[in-house]
**Q** 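One structure follows; several queries about it will come next.
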Protein chains: 2
Amino acid sequence: MNIGEIARRAGVARSTVSYALSGKRPVAEATAKRINDVISELGYRPNASARALAEGRTRTLGLVIPPAGARLTGVQLGFVAGVVEAAAAHDLDVLVSPSGGRHDRSFERIVTGRRVDGVVLMEILLDDPRVARLEESGLPFVTIGHVQDPGASWWVDVDYAALIRRCVHHLADLGHEEVVLVNRSAELVASGYGPAARSTAGLLEAAGERGVRAHVVTCPDEPGAGFACFEDIRTRLPGVTGLVTINEAALPGLQRALQRASLEVPRDFSITGVVADHLAEDFHPPLTAADVPAVEMARIALELLVERIADPAAQPRHALLVPPVTLRSSTGARRR
Amino acid sequence: MNIGEIARRAGVARSTVSYALSGKRPVAEATAKRINDVISELGYRPNASARALAEGRTRTLGLVIPPAGARLTGVQLGFVAGVVEAAAAHDLDVLVSPSGGRHDRSFERIVTGRRVDGVVLMEILLDDPRVARLEESGLPFVTIGHVQDPGASWWVDVDYAALIRRCVHHLADLGHEEVVLVNRSAELVASGYGPAARSTAGLLEAAGERGVRAHVVTCPDEPGAGFACFEDIRTRLPGVTGLVTINEAALPGLQRALQRASLEVPRDFSITGVVADHLAEDFHPPLTAADVPAVEMARIALELLVERIADPAAQPRHALLVPPVTLRSSTGARRR
DNA sequence: TTGTATGCGTTATCAC
DNA sequence: GTGATAACGCATACAA
């Protein structure tokens, strides 16, 4: 059933039905009622493809997520949930594409098939081929996370450098003199993942400011790796009394290793970092941390994208969030 | 740029380009080369909406997930990842819709906007209005989980009753005489969530067979709730020495409560259940459990859907998986 | 082997 | 206020 059928039954022209539906031109009350009656009787809804073809827009957004197979972290999950939710609020649909590199078929379909009006790209690298691809395609897009040149594009991010710096200052205030940053995986660091680099920078900056000895270790995004990582820290860096991390997936493992080592938090050891809000609450003891407002970030990204789609000539905008470090119970004075 | 432009530059008719692209009719080698050269030079890709309109199919699948806001469990996350991954392998795109009840706009768009060729529905209720809606719409769909009448529809599920039954038998074998099932939330149970009902049935059946005292408690899908739930069990049901659960989200809380109560697993208390595979490994100690092969289930669901789309008249098919209970370290002989 | 013509279901521009 | 009708970009039946 199509718009012509509705028009026929209502005894009007197709265009009149279209206008009754869109409201883009006045329709006599009586006609409108007749049309609406037929529509609701038959349960008619316009064909999305036809509408997209005629209108030149799909009312659909693309969301590029890390390749399937990789388990999403809490923050990443928040991004996805936030984008989907915010899009639904705008009556927009979301097409998800699990894409790693540049020559991904799914990603390429999204970019070049004109099936979306815009794209949200998450977990980008400092120099990301997908960003370049989107730029040359002319498709409006917003990234969660930002590339090297912050002024030239649309993005939302959390200021990892500032947050880690604050965490280290906090530890220094508590008397800790040697700390370690548990970063994301070595592969991610090597491929130029922004948060990894910026966290390290923040750590070193704060360490310099406070005369704290600082170390960085990489750790895959898994509980088991967190466990192994901490055991390694204990043997290789025995002087460390404070840990700061952006690797939330490793947290359960770190927790278990702490316990295994009979270290009581925060009495014997302090731990803090940048993690998804709910994870901080679930840690035991509750984690003093900068809570990444993932859902909120996704919402902002979506608002920016909608804005950019509406005005393709608009100047790039971005948002750099600096959520507070929330004091909970995982950090304490260094025990001498 | 469109197919006409390619045709013009290659000096052929539009249909020839179309056929060269689809291969549905032979094209002379030389013409094909000329066309392909132009296509790759201009980076042409057919417009998805136009193609969908002409072809009558969208090469897109719908995936209905629990409402945004609800944090996805490990198993649910596996479903999403599995569907997206399997769809990508078929060169199909996935449109996600976060939908709870029947009158959801996003869900309604999917069902009635002809923007997808089929739908995967997850986390369904025993009597789910969305299933009814999809049935009356005529859109091919497959559910992960199954409704009351198992023969009439396409689905894939895990046999919760059998698995919980096995878990209870296992506990009985170890000498446990009083066990508790930690179910999903009371709301979910009340709304008629299949796994919740079937788990209870399996528990009671096994308890009857083995003369074990059995209890059921509901618990929201959160670590904190798991903690509270276990505290409650200890006070209200002090004789319980074994716990079986399908609530993986509560697991970290249960674990913490166990520890808080100074109960060593499995020496003092046994715990088992049905959970996502990776969670079982991450539990401490590793959880003896039936591992839900979520990604695999999603893959099967997608294969079924592809099959159903290809042949709308095909007889309903389904798959009821009974993964083994993997022995790890969280269950042991009852201590007298 | 290739070209022509029509239809897919809308929206939007004319004309009345 | 409303009705024709031309796009939108592609696939395909029909001709040649």
Side-chain angles (χ1 to χ4, degrees), chain A residues 1-39 42-60 91 93 109 111-117 139, chain B residues 1-39 42-60 91 93 109 111-117 137-139:
Chain A
M1 161 208 1
N2 54 37
I3 200 171
E5 177 71 10
I6 304 295
R8 203 180 55 71
R9 298 209 191 202
V12 298
R14 296 209 307 271
S15 54
T16 304
V17 177
S18 178
Y19 285 120
L21 237 32
S22 70
K24 291 187 182 174
R25 124 179 153 179
V27 170
E29 185 130 354
T31 343
K33 171 158 173 36
R34 220 165 50 225
I35 291 173
N36 284 326
D37 286 352
V38 176
I39 284 180
L42 297 179
Y44 165 78
R45 293 286 306 270
N47 179 310
S49 303
R51 183 202 285 249
L53 182 58
E55 219 176 1
R57 61 168 178 154
T58 60
R59 299 163 190 268
T60 303
D91 278 343
D93 286 321
R109 276 201 302 275
V111 174
T112 188
R114 279 156 291 178
R115 55 184 66 204
V116 300
D117 299 331
L139 193 62
Chain B
M1 162 206 3
N2 56 37
I3 200 171
E5 176 71 8
I6 304 296
R8 204 179 56 70
R9 299 209 189 201
V12 298
R14 296 211 309 267
S15 56
T16 304
V17 177
S18 178
Y19 285 120
L21 236 34
S22 70
K24 291 188 181 174
R25 131 178 148 177
V27 171
E29 185 130 351
T31 354
K33 168 153 175 39
R34 220 166 48 229
I35 292 174
N36 284 327
D37 286 352
V38 176
I39 285 181
L42 269 56
Y44 165 77
R45 291 288 305 270
N47 179 309
S49 304
R51 181 203 286 251
L53 182 57
E55 216 177 2
R57 62 170 178 152
T58 60
R59 298 163 190 267
T60 303
D91 278 343
D93 286 321
R109 275 200 303 273
V111 174
T112 189
R114 278 157 293 179
R115 56 183 64 204
V116 299
D117 299 332
S137 81
L139 193 62

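For clarity, every value in this text was computed on a predicted model and none was experimentally measured. Reminder, nothing fancy here: chain letters follow the sequence lines and each chain counts from 1.
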**Q** Whole angstroms only, please: what is the OH-C1' distance between B:Y19 and C:dT4?
**A**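 In whole Å, C:dT4 C1' lies 11 Å from B:Y19 OH.
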**Q** Measuring to OP1 and OP2 of D:dC10, would you say a side-chain N or O of B:Y44 lies under 4.0 angstrom away?
**A**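 So the side-chain polar atoms of B:Y44 do come within 4.0 Å of the phosphate oxygens OP1 or OP2 of D:dC10, strictly under.
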**Q** Is a donor-acceptor contact shorter than 3.5 angstrom present between the side chain of B:R14 and the base of C:dT4?
**A**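 Per atom types, no contact qualifies.
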**Q** Write down the atom of A:T112, the atom of B:G43, and the distance for their closest heavy-atom approach.
**A**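 Nearest pair, atom of A:T112 first, then B:G43: OG1-O, 4.1 Å.
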**Q** Check this one for me: any side-chain N or O of A:N2 less than 4.0 Å away from OP1 or OP2 of C:dG9?
**A**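 Affirmative; the distance criterion is met.
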**Q** Taking donor-acceptor contacts at under 3.5 Å, does the side chain of B:S15 reach the base of C:dT4?
**A**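 Indeed there is one.
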**Q** Using a cut-off of 4.0 Å on non-hydrogen atoms, how would the nucleic acid contact of A:G11 be classed: base, sugar-phosphate, or nothing?
**A**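 Answer is sugar-phosphate: A:G11 comes under 4.0 Å of backbone atoms only.
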**Q** Is there a donor-acceptor contact under 3.5 Å from the side chain of A:S22 to the main chain of A:S18?
**A**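 Here the side-chain-to-backbone pair exists.
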**Q** Counting side-chain heavy atoms from C-beta on, which of D:dC10, C:dA12, D:dA11 comes nearest to A:E55?
**A**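 Of the options given, the side chain of A:E55 lies nearest C:dA12.
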**Q** Please classify the nucleic acid contact of B:R114 as base, sugar-phosphate, or nothing, using heavy-atom distances under 4.0 Å.
**A**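 Touches sugar-phosphate only.
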**Q** Check B:A20 against B:I35 and note the closest heavy-atom contact, atom names and distance.
**A**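 Distance-wise, the nearest heavy atoms are CB-CD1, 3.9 Å.
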**Q** Over how many whole Å does the gap from B:L53 atom CG to C:dT10 atom P extend?
**A**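 Distance, rounded to whole Å: 9 Å.
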**Q** Would you mind telling me which residue lines up with the more 5' stretch of DNA chain C, B:V27 or B:A54, judged by nearest nucleotide?
**A**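 Its nearest nucleotide being more 5', the pick is B:V27.
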**Q** Taking N and O atoms by type only, does the side chain of B:R25 place a donor or acceptor under 3.5 Å from a partner on the base of C:dT2?
**A**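 By the distance-only test, yes, there is a pair.
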**Q** Within this structure, what is the CG-to-C1' distance between B:L21 and D:dT12, rounded to whole angstrom?
**A**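 So the CG-C1' distance, B:L21 to D:dT12, works out to 14 Å.
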**Q** Just N and O in the side chain of B:K24: are any of them under 4.0 Å from OP1 or OP2 of D:dA11?
**A**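 Answer no for this pair, as no side-chain N or O of B:K24 is under 4.0 Å from OP1 or OP2.
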**Q** For a quick test of reading the model: is some side-chain N or O of A:R51 closer than 4.0 Å to OP1 or OP2 of C:dG9?
**A**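 For A:R51, the contact criterion (side-chain N or O under 4.0 Å from OP1 or OP2 of C:dG9) is not met.
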**Q** Base, sugar-phosphate alone, or nothing: which one does B:S22 contact when heavy atoms must sit under 4.0 Å apart?
**A**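 Nothing, no nucleic acid heavy atom in range.
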**Q** What is the separation between atom CG on A:N47 and atom C1' on D:dC8, rounded to the nearest whole Å?
**A**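 Rounded to the whole Å, the gap is 13 Å.
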**Q** Using whole Å, what does the distance between atom P of nucleotide C:dG9 and atom CZ of A:R8 come to?
**A**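 Going from CZ in A:R8 over to P in C:dG9 covers 14 Å.
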**Q** Figure out the NZ/P separation between B:K33 and C:dT1, and round it to whole Å.
**A**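 The distance from NZ of B:K33 to P of C:dT1 comes to 18 Å, rounded to the nearest Å.
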**Q** Distance check needed: D:dG9 C1' versus A:R57 CZ, whole Å only.
**A**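 Value for this atom pair: 19 Å.
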**Q** The side chain of A:S18 is closest to which nucleotide in this list: C:dT10, C:dT4, C:dT11?
**A**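 Nearest to the side chain of A:S18 among the choices is C:dT11.
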**Q** Treating A:R34 as the side-chain partner and A:A10 as the backbone partner, does any N or O pair qualify as donor plus acceptor under 3.5 Å?
**A**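 At least one qualifying donor-acceptor pair exists.
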**Q** Restricting to non-hydrogen atoms, name the atom on B:T58 and the atom on B:R115 that form the minimum distance, rounded to 0.1 Å.
**A**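 Distance-wise, the nearest heavy atoms are OG1-O, 3.3 Å.
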**Q** Scan A:S49 against the nucleic acid and name what it touches under 4.0 Å (heavy atoms): base, sugar-phosphate only, or nothing.
**A**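 Counting heavy atoms under 4.0 Å across all strands, no contact is made by A:S49.
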**Q** Nearest whole angstrom, please: distance from the P of D:dC8 to the CD1 of B:I3.
**A**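 Answer to the nearest Å: 15 Å.
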**Q** As an exercise, state the distance from CZ of A:R9 to CD1 of A:I39, rounded to the nearest 0.5 Å.
**A**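 Nearest 0.5 Å value for the CZ-CD1 distance: 12.5 Å.
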